[in-house]
Amino acid sequence: MTPERSNRGTRADGFGPDLPHGRWRAIWLAWRGVAICLVLMGAVAPARAETARRHVLVLFENNRLLPANVLGDRGITSALGEVDRSTEISTEFLDYPRFSGAAYVGTITRFLREKYAARPPGVIIVAGDTALDFVLNTRAELFPQVPVVHVGVASSFLASRPPLPEDVVGVPFAQDFAGTIAQALKWHPQARHLVLITGAAERDREWEQDLRRAAGGFEGRVSIEMLAGRPMAEVLKRVAELGPDTVVATPGFFRDGAGSIYLPADSVRLIAQAATAPVYGPFVTFIGTGVVGGWMTSFEAMGREGGAIANRLLDGQAAATLRLPQMMPSALYVDWRQIERWGIDPDAVPADAVIQFRAPGFWQTYRKEAIAVALAFLLQSLLLTALLLERNRRRLAQSSVDRHRFELAHASRLAVAGELTGSIAHEINQPLAAILSNAAAAEMMLDRGTARPGELKDILADIRRDDLRAGEVIRRLRALLAKHEVERQPVDLNDILSDVIALLNAEARRRRIALSARPVAEIITVVGDRIQLQQVLINLIMNAMDALADTPEEQRNIVLSLEGSATDATIRVRDRGHGITAEHLPKLFDSFFTTKRKGIGLGLSIARTLVEAHGGTITAESAPGEGATFTIQLPRVAPGGSAWVGRA
């Protein structure tokens, strides 16, 4: 095999058999065509995607600073963004009336066509009569197949021209000059003169015609003065001379008679500042410039309506199938500051009027704070009511407790009286026996005829003394046992100690106990209930007597002592019994605690209750084998110095 032959069936690159040259050329051309198609498809796809994007061109007739344009743009932007936030919005301004004429129209047309040739809009929104007229006249040169939505176009403008194409749609608005003038005359019934003001621009002349037609309906009521196309200085001079029987109506103007350019809102502001009569206008952008108000349509609402229509067109709905309102709604807009300035009756302002610049009332300004205060007051009232009810419930409960406490104290006195029955009977029997003996002796002396007046007088004196002694025992006993109305009265503690010693002397003698008192020379007065204080001392002394029952007779000694200071009175009851253990001292005054085999544990508890009811304190101290000492401290003047009443 020669080298030439051996290479004939193989490609020079070694990747396959060597094909004839013509066939290889055909394959190469086919692959190149495929590659070119792919490249072209890759280049065309972005362009188609770019064209398919939601793109809206918004064209305003005036410059960008016109307040109506600012509000309209806000409404359009918000409406377009509600459906698809990726919608691209391009905004242009014709800047009318500063620029106009055929040359300017041609320049703007070429500019817009070339600017948006690569990215044509899917919908055009035109704002204003001039913008709509511009697009209709240049549409064939711009974007002939693109639907158009008009906003802010007056119904009078549409009525003055041929019907719009099917793909040019929108909702017009009416400049309600007649409604605004009627409202002004209603609020100013004394008005006899109506001044109308317009400018010199083409739009100003259109407004002049609208004003004249609207004012024609009021010629029988007021005289009409038209200030049209005058220099601003002349207009300001005239409105500064108006009387109280005049009202002014104006849409403002773009150009005055001297050729100066204005925004309508700025011209109205100058007029309202100079006028000596109330000024009314038809545009919402005038509120805040000094006009009182008027029947107006919201520019922002117009923009939102136009944006909503554009969304439907971008979604593929045909313009001819849209069902749109016949007219944008209007409302009465009012500057509340001007209502007050011109003395208009607030009640004459309709409830559905759109009121601006009204100082909020207390409720509007402090609503949250007022609600919070009201809730706090309500909660406090409920809390106070609950506290008063609880206080009343506690008072009733405390009254019930006091009643039961004093019933218990009375029962305790009865129990003490039961323990003293024997000694009291002995104490009464002694004077009664002495009385009987003296009476028998006197009778015997009289029977014998030996009675001498002096002896009979002595016998009668003994009888009287014994009778008083028995009567005093009975009196003290009755006072101790009786259930009485308790009244805090000034009492001398020396007298109380004497009464207690007199009541218990017989019992002390029966038990072979030495009972003594150590009063003081001065009068120590406290405010309290005599019987209750006696009961406290009787309970303490009876307990001391019980404690001495098992002690030697020579140690059976109980001493009552009284001391006084500038503010307090101190009573001590000492005995020489076995004393009280340390573990029992803390519980000594607790209810139902007792160390006696037959005790019920209420004596000391009642004593503490009665002492504390008198504003005092009672304590106990003891050393084993040395007896016990109970100390009572009472204020020498009761807290507040007032008496109290209870049942005991």
Got a salt bridge between Glu390 and Arg393, using NZ or NE/NH1/NH2 to carboxylate O under 4.0 Å?
yes
Salt-bridge criterion met for Glu114 and Arg110 (N-O under 4.0 Å)
no
Return the [atom1] to [atom2] distance between [X] and [Y], rounded to the nearest 0.5 Å.
| X | Y | atom1 | atom2 | result |
| --- | --- | --- | --- | --- |
| Gln380 | Leu383 | CD | CG | 7.5 Å |
| Arg113 | Leu142 | CZ | CG | 7.0 Å |
| Leu94 | Phe99 | CG | CZ | 11.5 Å |
| Phe177 | Arg212 | CZ | CZ | 13.0 Å |
| Leu65 | Phe93 | CG | CZ | 8.5 Å |
| Leu71 | Ile76 | CG | CD1 | 11.0 Å |

Step by step, would you call Phe60 with Asp73 a side-chain contact (heavy atoms from CB on, under 4.5 Å)?
CA-CA 9 Å; Phe60 289 93; Asp73 181 68; 3.8 Å; yes
Quick one: does [X]'s side chain get under 4.5 Å of [Y]'s, heavy atoms only?
| X | Y | result |
| --- | --- | --- |
| Leu313 | Leu322 | yes |
| Val105 | Thr109 | yes |
| Thr87 | Val56 | yes |
| Asp210 | Gln175 | yes |
| Phe299 | Val284 | yes |
| Phe143 | Pro121 | yes |
| Gln209 | Arg205 | no |
| Leu324 | Val169 | yes |

Are there over 12 heavy-atom neighbours, none belonging to [X], within less than 6.0 Å of that residue's [atom1]?
| X | atom1 | result |
| --- | --- | --- |
| Arg341 | CZ | yes |
| Glu369 | CD | yes |
| Arg367 | CZ | no |
| Glu166 | CD | no |

Donor-acceptor contacts, no H, no angles, side chain residues 345-354, under 3.5 Å, sequence neighbours left out:
from	atom 1	to	atom 2	distance (Å)
Asp345	OD1	Asp347	N	3.1

Name all pairs fulfilling the side-chain hydrogen bond (donor to acceptor under 3.5 Å, both in side chains) condition that reach into residues 285-309, sequence neighbours left out, sorted by first residue then second.
Ser78-Arg304, Glu82-Arg304
Output, in order, the C-alpha distance, side-chain angles, deciding distance and verdict of side-chain contact (heavy atoms from CB on, under 4.5 Å) for Leu80 and Ile89.
CA-CA 9 Å; Leu80 290 174; Ile89 304 174; 3.5 Å; yes
Without swapping roles, check the side chain of [X] against the backbone of [Y] for a donor-acceptor pair under 3.5 Å.
| X | Y | result |
| --- | --- | --- |
| Asn392 | Leu389 | no |
| Asp256 | Gly259 | yes |
| Asp204 | Arg255 | yes |
| Glu61 | Thr130 | yes |
| Thr276 | Pro244 | no |

Which heavy atom of [X] sits nearest to which heavy atom of [Y], and what is that distance?
| X | Y | result |
| --- | --- | --- |
| Ile197 | Val239 | CD1-CG1, 3.8 Å |
| Thr246 | Ala277 | O-CB, 3.2 Å |
| Gln190 | Asp245 | O-CB, 3.8 Å |
| Phe286 | Pro251 | CZ-O, 3.1 Å |
| Ala319 | Asp167 | CB-CA, 3.7 Å |
| Val292 | Pro278 | CG2-CB, 3.8 Å |

List in chain and number order the residues that pass ring-ring contact (aromatic ring centres under 6.0 Å, His included) with Tyr96, two or more places apart in sequence or in another chain; answer none if no residue qualifies.
none
Tell me every residue that passes ring-ring contact (aromatic ring centres under 6.0 Å, His included) with Phe357, counting only those two or more places apart in sequence or in another chain.
none
List the atom pairs, with distances to 0.1 Å, where a side-chain N or O of residues 145-162 and a protein N or O form a donor-acceptor pair under 3.5 Å, not counting sequence neighbours.
from	atom 1	to	atom 2	distance (Å)
His150	NE2	Gly170	N	3.4
Ser160	OG	Phe157	O	2.7
Arg161	NH1	Asp133	OD1	3.2

Centroid separation Phe283 to Trp207 less than 6.0 Å:
yes
Would you please indicate if the ring centroids of Phe254 and Tyr262 are separated by under 6.0 Å?
no
For Arg54 and Asn311, test the side chains for any donor-to-acceptor distance below 3.5 angstrom and give the result as yes or no.
yes
Indicate whether the side chain of Glu92 and that of Tyr116 have a donor and an acceptor atom separated by less than 3.5 Å.
yes
Determine, stepwise, if the pair Asp315 / Arg312 fulfils salt bridge (charged side-chain N to carboxylate O under 4.0 Å, His left out).
CA-CA 5 Å; Asp315 290 339; Arg312 296 164 66 182; over 6 Å; no
Would you list the atom pairs, donor with acceptor, under 3.5 Å between side chains in residues 225-236 and any protein atom, with sequence neighbours excluded?
from	atom 1	to	atom 2	distance (Å)
Glu225	OE1	His193	NE2	2.8
Glu225	OE1	Arg238	NH2	3.0
Glu225	OE2	Arg238	NE	2.9
Arg230	NH1	Glu234	OE2	2.8

Show your reasoning for whether side-chain contact (heavy atoms from CB on, under 4.5 Å) applies to Val291 and Tyr333.
CA-CA 10 Å; Val291 301; Tyr333 283 74; over 6 Å; no
Would you check, one step at a time, whether the test side-chain contact (heavy atoms from CB on, under 4.5 Å) holds for Arg358 with Arg337?
CA-CA 7 Å; Arg358 176 162 58 180; Arg337 298 171 301 182; over 6 Å; no
Show the numbers, then the answer: is there a salt bridge (charged side-chain N to carboxylate O under 4.0 Å, His left out) between Asp129 and Arg203?
CA-CA 9 Å; Asp129 301 351; Arg203 174 57 54 81; 3.6 Å; yes
